[in-house]
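I have placed the structure first, in the form of structure tokens, so that the comments after it can refer back to it.
The structure presented is a predicted model; accordingly, all values stated were derived computationally and were not measured. Naming: A, B, ... by sequence-line order, numbering from 1 per chain.
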Amino acid sequence: MAIEKLTGENSMIFIRSEQLFDFARRNSLWYIAFGIACCAIEGLMSASGPRFDFDRMGVFFRNSPRQADVMIVAGTVNKKMAETVKRLYDQMPEPKWVVAMGACANTGGPFREYPNVVLGVDKIIPVDVYIPGCPPRPESVQYAFIELQKKIAKRTEERLAARNK
Amino acid sequence: MTDTCEETLGVGLLCEGQHDPGTPPAGLRRAPSGVDGLTTEHLIINMGPQHPSTHGVLRMLIEVDGEEIVAAEVSVGYLHRGIEKLAEHRRYDAIGTLMDRGDYVSGMMGEHAFAMAAEKLMEVEVPRKAHWLRSLASELNRLASHLVWYGTFGLDTGGMGQFLYAMRDREALLDILEALSGQRMMFNYIRPGGVVADLPLGLEEKIRTFLSTFDMYLEEHDQLLGGNEIFQSRVKGIGVIDRGIAQCFGLTGANLRAAGVDFDVRKARPYAAYQELDFEVPLGTKGDAWDRYMVRMEEMRQSARMIAQLIDGMPEGPHTAKVPRVIRPNAGEVYASVESSRGETGIHLVSDGTEHPYRMHYRGPSLYAAQALEEILPGHLIADVVMIIGSTDIMLGELDR
């Protein structure tokens with residue numbers, strides 16, 4: 001958002017620091033480049049490609065979990081992988097969010113009968129946004145990020161309202 | 001091939017599972033080690049399963065002496081989801097869904113292999129048009145898959161631009177595949193007996209429009225990455241998989257053809273419409289990463305050529321044979337294979353005459369390529385690892401199954 005459009009030249013803005021931080025956070029949601037399976041092609045590669053262009057929403061990939069805000073769990077998590085997913089989540093600095101992308105990350109998807117598959121990534125880490133689909137289209141992933149931005153904005157408002165009560 | 005596996009790989013290597021980094025296979029570039037008698041302590045580095053350049057969830061343990069790799073161990077199973085076992089509990093018409101999610105970048109080929117195996121058991125005659133549509137879908141998908149490889153291989157070398165151009169062309173291809181099958185990636189288009197739907201109206205024109213610019217774009221891609229001196233100096237001469245190693249490990253596809261072995265399932269055991277198509281199988285000479293790059297780029301040109309022929313010569317007729325709603329094939333055992341984007345994708349199907357297969361084995365080419373990594377990595381530098389993994393074009397979905 002171009003702030004100078006809202007305000008004149010040499011003007012001042014009064015904003016709570018929490019609101020300012022959350023404004024910055026929700027407009028620079030950097031996700032960890034961690035593709036597990038098929039959804040990674042749609043959610044991480046196509047979505048960051050030229051047609052869908054995640055970048056314009058401030059969503060960009062980081063290779064290290066320590067620099068990331070969001071984890072897109074894109075694919076089937078099995079029991080061998082679950083440990084890694086949990087560990088990566090723990091390595092991310094607070095505040096952090098998780099997007100469960102696709103049927104596998106939501107519930108186990110087409111592979112849920114197989115005993116090795118974790119029945120939804122919310123069994124191991126907290127999830128903020130679920131995206132249905134197998135695989136979801138890149139547009140769905142972008143919609144999920146818009147929802148996540150709303151969620152972050154709402155969180156600040158709720159916190160401020162609770163304090164002013 | 002004159003030499004045996006023992007001669008190429010060294011006696012005892014396969015039996016005892018030991019790596020002898022002292023005597024790498026001929027042709028490998030050895031890093032300078034022990035300068036002035038200075039040696040360093042060996043260090044074991046973990047790579048993956050979260051690593052931007054392992055193309056999925058491959059995990060490797062790499063033992064290094066300074067910058068030089070002494071030994072490498074590939075650890076798989078991070079995407080094991082039991083496709084083979086689940087297939088035993090699915091009906092024949094529902095297994096295509098699992099095959100799509102095996103090799104997820106080229107789903108059409110997995111479906112095709114399964115459909116061919118099921119048809120062999122059912123003894124169904126597939127209509128000519130279905131064969132042509134299958135080939136068309138496969139070649140379009142091969143282009144899309146190779147473009148993903150091209151883009152990510154460039155990312156491994158440190159380039160970013162070629163990824164965006166590759167994705168632009170891939171989106172155009174996915175539009176065509178979506179019009180054809182209804183989905184962008186998980187098509188479920190090729191089913192036992194034929195294909196789901198005929199060419200939709202206007203798609204022929206769309207494919208022609210795509211082809212009219214694609215050749216030009218492909219040259220652009222080739223120059224953007226292959227014409228780059230930095231890229232060339234990073235891939236030339238590294239990751240040599242020579243004839244011996246390639247054949248001993250059972251590599252197929254571009255990895256094998258880069259070593260100069262003329263084996264392509266489309267030529268060796270023609271299926272679908274490939275017997276009637278005019279195409280060439282590109283071959284490499286040395287089997288290094290550069291050769292694999294060149295072979296794949298040439299394969300894309302050949303695929304584009306084939307698509308034009310398939311569109312021009314598309315026969316009339318039904319797009320599917322008459323298949324019962326619940327398929328109960330004859331009891332028996334068959335093997336059918338196709339040339340997927342990565343090599344020979346085969347399905348070994350055992351049927352006991354019921355509506356579920358008794359056993360299904362999925363032969364994915366990536367597992368063999370990943371095994372060969374352990375053999376070719378020692379002797380290279382750490383920076384070469386991602387290049388070599390990228391050049392073999394492994395797909396973890398079919399590797400772990």
Side-chain angles (χ1 to χ4, degrees), chain A residues 32-53 55 61-65 68 71 73-85 87-89 91-92 102-104 108-118 133-140, chain B residues 46 48-57 59 75-86 88-90 94-95 97-98 100-105 107 144-145 147-148 151-152 155 160-161 163-172 174-175 178 183-186 188 395-397 400-401:
Chain A
I32 169 174
F34 177 44
I36 303 176
C38 344
C39 287
I41 307 288
E42 288 285 81
L44 308 186
M45 284 170 63
S46 292
S48 59
R51 181 182 287 182
F52 299 102
D53 196 11
D55 213 351
F61 74 92
R62 303 307 300 170
N63 291 332
S64 164
M71 181 194 247
V73 184
T76 322
V77 179
N78 65 15
K79 287 187 178 150
K80 191 173 182 182
M81 196 71 205
E83 203 183 315
T84 313
V85 173
R87 194 165 161 187
L88 283 169
Y89 179 76
Q91 284 179 355
M92 283 163 60
C104 290
F111 305 101
R112 64 174 290 126
E113 294 104 332
Y114 196 61
N116 190 29
V117 171
V118 175
C134 189
R137 295 176 65 92
E139 293 97 319
S140 323
Chain B
N46 175 56
Q50 187 266 326
H51 190 280
S53 296
T54 53
H55 297 254
V57 287
R59 181 178 174 216
S75 170
V76 299
Y78 285 92
L79 195 51
H80 177 58
R81 17 186 205 183
I83 288 179
E84 290 180 5
K85 189 70 192 166
L86 286 174
E88 294 169 18
H89 300 276
R90 299 272 163 105
I95 292 172
T97 334
L98 294 174
D100 275 330
R101 285 152 185 82
D103 183 358
Y104 41 79
V105 179
S145 168
L147 281 171
V148 170
T152 49
L155 282 181
M160 184 78 201
F163 171 76
L164 300 173
Y165 287 109
M167 279 292 149
R168 174 198 62 187
D169 290 354
R170 184 170 180 267
E171 289 296 338
L174 291 191
D175 279 350
E178 195 183 356
Q183 242 274 30
R184 277 164 58 89
M185 274 173 72
M186 306 300 167
N188 207 3
M395 180 51 56
L396 273 292
D400 288 333
R401 305 199 266 274

For chain B, which candidate among [options] shows the most heavy-atom pairs at distances under 4.5 Å?
options	answer
A:V85, A:V117, A:T76	A:T76
A:C104, A:A33, A:G35, A:S46	A:S46
A:A37, A:G49, A:P115	A:A37

side-chain hydrogen bond (donor to acceptor under 3.5 Å, both in side chains) partners of A:Q91, counting only residues at least two apart: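 A:Q91 satisfies side-chain hydrogen bond (donor to acceptor under 3.5 Å, both in side chains) with no residue once adjacent residues are dropped.
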Only counting residues at least two apart or in another chain, list the ones meeting side-chain hydrogen bond (donor to acceptor under 3.5 Å, both in side chains) with B:Y165.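 Per chain and number, B:Y165 pairs via side-chain hydrogen bond (donor to acceptor under 3.5 Å, both in side chains) with no residue.
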I need the minimum non-hydrogen distance between B:L79 and A:I36, along with the two atoms involved. CD2-O, 3.4 Å
How far does [atom1] of [X] sit from [atom2] of [Y], to the nearest 0.5 angstrom?
X	Y	atom1	atom2	value
B:M395	A:I41	CE	CD1	5.5 Å
B:L174	A:R137	CG	CZ	9.0 Å
A:C38	B:M186	SG	CE	3.5 Å
A:K80	B:H80	NZ	NE2	10.0 Å
A:F111	B:L98	CZ	CG	5.5 Å
A:M81	B:Q50	CE	CD	8.5 Å

Contact origin within [X] toward chain A - heavy atom pairs under 4.5 Å:
X	answer
B:F163	side chain
B:A172	backbone
B:L86	side chain

Please classify the contact of [X] with chain B as side chain, backbone, both or neither, using a heavy-atom distance under 4.5 Å.
X	result
A:N63	both
A:L44	neither
A:L88	side chain
A:A40	neither
A:T84	side chain

Given the options B:R168, B:E178, B:R170, which has more heavy-atom pairs under 4.5 Å with chain A than any of the others?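 Most heavy-atom pairs within the cutoff with chain A belong to B:E178.
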What residue, out of B:M167, B:H89, B:K85, B:Q183, has the most heavy-atom pairs lying under 4.5 Å from chain A? B:M167
Quick one, A:P135 and B:R184 - any side-chain contact, counting heavy atoms below 4.5 Å? no
Heavy-atom donor-acceptor pair, A:N78 side chain to B:G77 backbone, under 3.5 Å: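 Yes, because the side chain of A:N78 sits within donor-acceptor range (under 3.5 Å) of the backbone of B:G77.
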